[in-house]
**Q** 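Questions regarding the structure given below will be posed in turn.
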Amino acid sequence: MGCSPWKEGDPMEDAEEPNEGQNGDIEKEAVDQASEMISMDDSEIVILDKKTGSKRSLLDLRWLFKKGGKVIKKAKGQELDEATIEEMKVHERFLYYRRKQDMENLKGTVLFEIPILDEKEWEILEEIQPIRESYSYTRVLKNKRTKDVIYEAIEPPLSEEEEYLHDYLKDTLEKNIDVDRTISGDVENELKLRNQMRKFLAKAGKHLEISSFEKIFYYLSNYFLGYGKIQVMMEDTNMEDVSCDGTNIPIFVFHRTYKNTMTSVIIEDEDELDEFVVNLAQRSGKHISIMNPILDATLPDGSRLNATFGKEITTKGSTFTIRKFKEDPLTMVNLILWKTLSPEMASHLWMAVQYGDTMMVSGGTASGKTTTLNAISHFIPPSSKIITIEDTRELQLPHQNWIAGLTREKKGETTGQSIDMYTLLVSALRQRPEYMIVGEVRGKETMAVFQAMATGQVTYATIHADSVAAIVHRLENPPINIPRILILGLNLVALQAQVRVKNKRTRRIKDLVEIVGQDPVSQEIISNKVYTWNPAKDEFRFSGHSNLYEKIMDREGMTTDEITSEIHNRADVLRWLAYSGRDNYQEVANVINEYYRDSKPLVARARKELAGLRLEKPDLKV
């Protein structure tokens, strides 16, 4: 088993004793040249600055946040100054400081060796990828015998003594720790946890080697501040969904490359899974129990959580599905690159947004409705007043004049009334928004949405249906019950689906359909398919006619050629963004805003650069 990770009554010492002779001289010279050194101060491990005589704890993060001093960090071979760090997003800054502190704590210590695979049994599909450098890694494997694809989460193993100390600290901290678990990526919480660990270790008279302390801290921080056994998957940017179907069943993920994939992580104990689901609920600021066994919530990082508790409604035990939140929302450029739609279709949607068409994105579960709706919303002119209404927060807009509405459930007698989507809609209409976006319509709020459309309010929403006929059927029947005449307030429907192209699962907008009117005899809804996806060739076809273009021509006095030119101009700008790899939502928003201000120079620049980019990337074919 090797040496014990901790020694009673003794201060922490280096893992290896200094050698005599030449090695000792080299070490002495290194110590003499060092600007800082580790020492003991009242039983606390500190770093002593040899020039100034100042001291700081080895485990203290606060020195990173001192004002006035310039923090220099080498990340992947580049030094970052304060201005660069300040421009980082909150989560990026947290990862940056965490990585910095990890390097400070480890001092080159290797926590564990990556397990070696049996090449006769396993084929490596994806090599080792660091998640939290030195602490956790992943790789994707294929079993040569069963052909199963496995997503392997690799974390540091604990010895028996480390397991014992981990359990002791976990039980002790559970009763004493004071951190806000509803906040994600807070360095202050990590600092509190480290300090609490040091405090209770000192009380117990335990002094750990660096490697043991860091391994135990890694698991405790995952438990108290992160997502425990699924922390690796939650930090992996390749994940879309993480789900558990019950005890003794591998956790599954939806990987951007390998799709639905089994992982090496299994929750074997029923009580452990119940506790895990309760912890997820607490992290989302909600409650789940036998009395209320279904939970739909938003986690601190914005991910959507759906969970069940116990065996009464899911016979294999508690379950959870987490749809991961993407900090940088996908843009129309991403959708064009993935061939969800063509640049010309995106240009049509852009025109529809600018000229006030009401719109619905319709499709089945996991067809990408909300992603497309969010991408469409980036076309809204920059200064427009926008109100969004959702059950769980998903929409992310680059606009400043934006009110984000969120429903609220009543949690007992002291929290006031529940606020549902209908209440938020009524409130929103009194605030005179230019654009109103509803996450998904499914109940009585749908009537308010269509009444708003009928009065000329530009409104966008998503709905579960796979055709215009299915949309009409859902709207006209319980529990929605909308009169057909109100449905005519809807101008455009984007029908999206999850499909298979060349044996790969992907998403396509199958049809862009305009609601034209109502047949006076049959009372049927008349529609016009503007664009249609051809699955045989995986391409999109324009029908040659659009009511939107006729409306714009009448309003603006434009000719057919001018409308056609405008569509091509916008399509080329989006194509240019795709070829140049500029898919960040802020960059895309800036270009759209520039187009609204002065389109001619932008179009000229885009077409000039596009010619060269097409030669550089002949295989892209956007």
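All values below were derived from every heavy atom in this structure, side-chain atoms included, with hydrogens, water molecules and symmetry-related copies excluded. Counting begins at 1 with the first residue of the sequence.
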**Q** With a 4.5 Å heavy-atom cut-off, do F320 and L273 have their side chains touching?
**A**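 When only atoms from C-beta onward are counted, L273 and F320 do touch, with a gap below 4.5 Å.
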**Q** Minimum heavy-atom separation for T172 to Y168, with atom names?
**A** OG1-O, 2.7 Å
**Q** Quick one, S284 and T298 - any side-chain contact, counting heavy atoms below 4.5 Å?
**A** no
**Q** Kindly state each residue pair satisfying side-chain hydrogen bond (donor to acceptor under 3.5 Å, both in side chains) with at least one member in residues 250-268, sequence neighbours excluded.
**A**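 For residues 250-268, and leaving out neighbouring residues, the side-chain hydrogen bond (donor to acceptor under 3.5 Å, both in side chains) pairs sorted by first residue read E240-R256.
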**Q** Atom CD1 in I313, atom CD1 in I294: separation rounded to 0.5 Å?
**A** 4.0 Å
**Q** Report the C-alpha separation of S243 and D241 in whole Å, then their side-chain angles, then the decisive distance to 0.1 Å, and conclude whether the side chain to side chain donor-acceptor pair (under 3.5 Å) test is met.
**A** CA-CA 7 Å; S243 62; D241 295 358; over 6 Å; no
**Q** Is there a side-chain contact between L173 and L193 in this structure, where contact means two heavy atoms from C-beta onward sitting under 4.5 Å apart?
**A**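 Of all side-chain heavy-atom pairs linking L193 with L173, at least one is under 4.5 Å.
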**Q** Passes side-chain contact (heavy atoms from CB on, under 4.5 Å), S212 versus E161? Steps please.
**A** CA-CA 10 Å; S212 294; E161 291 88 351; over 6 Å; no
**Q** Using modelled atom types and a 3.5 Å cut-off, is there a donor and acceptor pairing between side-chain atoms of Y151 and backbone atoms of V265?
**A** no
**Q** Could you go through T109 and E214, starting from their C-alpha distance and side-chain angles, then the distance that decides it, and tell me whether this counts as side-chain contact (heavy atoms from CB on, under 4.5 Å)?
**A** CA-CA 10 Å; T109 303; E214 288 304 307; over 6 Å; no
**Q** Rounded to the nearest 0.5 Å, what separation is found between the NE2 atom of H287 and the CG atom of L295?
**A**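 One finds 10.0 Å between NE2 of H287 and CG of L295.
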**Q** Any donor and acceptor pair, going by atom type alone, linking the side chain of S303 with main-chain N or O of F325 inside 3.5 Å?
**A** yes
**Q** Look up atom CD in E190 and atom NZ in K192, then write down how far apart they are to the nearest 0.5 Å.
**A**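 These two atoms lie 12.5 Å from each other.
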**Q** How far does CG of L169 sit from OH of Y219, to the nearest 0.5 angstrom?
**A** 15.0 Å
**Q** If every non-hydrogen atom of S136 is compared with every non-hydrogen atom of V232, which pair is closest and at what distance?
**A** CB-CG2, 3.9 Å
**Q** Give a yes or no answer on whether the side chain of N374 reaches the backbone of Q396 with a donor-acceptor pair at less than 3.5 Å.
**A** yes
**Q** Check E152 against R139 and note the closest heavy-atom contact, atom names and distance.
**A** OE1-NE, 2.5 Å
**Q** Report yes if the side chains of R323 and F254 come closer than 4.5 Å at any heavy-atom pair, otherwise no.
**A**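 A side-chain contact is absent here, since even the closest heavy-atom pair is not under 4.5 Å.
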**Q** Taking the side chain as every heavy atom from C-beta outward, state whether L395 and S377 have any atom pair closer than 4.5 Å.
**A** no
**Q** Quick one: are F112 and I154 in side-chain contact, heavy atoms under 4.5 Å?
**A** yes
**Q** Looking at Q231 and Y227, would you say the former's side chain and the latter's main chain have a donor-acceptor pair under 3.5 Å?
**A** yes
**Q** Given E394, which partner from the list K369, K324, R304 fulfils the salt bridge (charged side-chain N to carboxylate O under 4.0 Å, His left out) test?
**A** R304
**Q** Give the table of side-chain donor-acceptor pairs shorter than 3.5 Å for residues 116-132, with sequence neighbours excluded, one pair per line with atom names and distance.
**A**
residue: D118; atom: OD1; partner: K120; partner atom: N; Å: 3.0
residue: R132; atom: NE; partner: D102; partner atom: OD2; Å: 3.0
residue: R132; atom: NH2; partner: D102; partner atom: OD1; Å: 3.1

**Q** Where the side chain of N334 meets the backbone of T331, is there a donor-acceptor pair that is under 3.5 Å apart?
**A** yes
**Q** Take a 6.0 Å sphere around OH of Y422 and say whether it holds more than 12 heavy atoms from other residues, nucleotides or ligands.
**A**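 Counting neighbours around OH of Y422, 12 or fewer heavy atoms of other residues, nucleotides or ligands fall under 6.0 Å, so no.
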**Q** Within a strict 4.5 Å, meaning less than it, do heavy atoms of the K229 and E272 side chains meet?
**A**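 They are in side-chain contact.
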**Q** Look only at the side chain of R283 and the backbone of G226, and say whether a donor-acceptor pair between them is shorter than 3.5 Å.
**A**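 Yes, because the side chain of R283 sits within donor-acceptor range (under 3.5 Å) of the backbone of G226.
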**Q** Let me confirm one number: the CG-CD1 distance from L280 to I288, rounded to the nearest 0.5 Å.
**A** 9.0 Å
**Q** Is there side-chain contact between H464 and E440, with at least one heavy-atom pair below 4.5 Å?
**A**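 Heavy-atom side-chain distance check passes, below 4.5 Å.
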**Q** With sequence neighbours excluded, give me every side-chain hydrogen bond (donor to acceptor under 3.5 Å, both in side chains) pair touching residues 305-319.
**A** E270-K311, D274-S318, T308-T314, T308-T319
**Q** Give the intermediate values and the outcome of side-chain contact (heavy atoms from CB on, under 4.5 Å) for residues T247 and D269.
**A** CA-CA 6 Å; T247 53; D269 184 71; over 6 Å; no
**Q** Would you call E104-R194 a salt bridge at under 4.0 Å N-O?
**A**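 Salt bridge: no.
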**Q** Is the NZ or CZ atom of K170 positioned over Y223's six-membered ring, under 6.0 angstrom from the centre and within 45° of the axis?
**A**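 Geometry flag: set, cation within 6.0 Å and 45°.
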**Q** Indicate the atoms forming the closest heavy-atom contact of R442 with D391, along with that distance.
**A**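 What the structure gives for the nearest pair is NH1-OD2, 2.6 Å.
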**Q** side-chain contact (heavy atoms from CB on, under 4.5 Å) between Q196 and F224: does it pass, once the steps are laid out?
**A** CA-CA 12 Å; Q196 289 284 336; F224 287 110; over 6 Å; no
**Q** T407 and D420: which non-hydrogen atoms are nearest, and at how many Å?
**A** CG2-C, 3.7 Å
**Q** Can you name the nearest heavy-atom pair linking E162 to P157, along with the distance?
**A** OE1-O, 4.0 Å
**Q** Salt bridge or not between E133 and R99? Use side-chain N to carboxylate O under 4.0 Å.
**A** no
**Q** Rounded to the nearest 0.5 Å, what separates atom CD1 in I403 from atom CG in L397?
**A** 12.5 Å
**Q** Looking only at atom types and distance, does a side-chain atom of T462 sit under 3.5 Å from a main-chain N or O of G439, one as donor and one as acceptor?
**A** yes
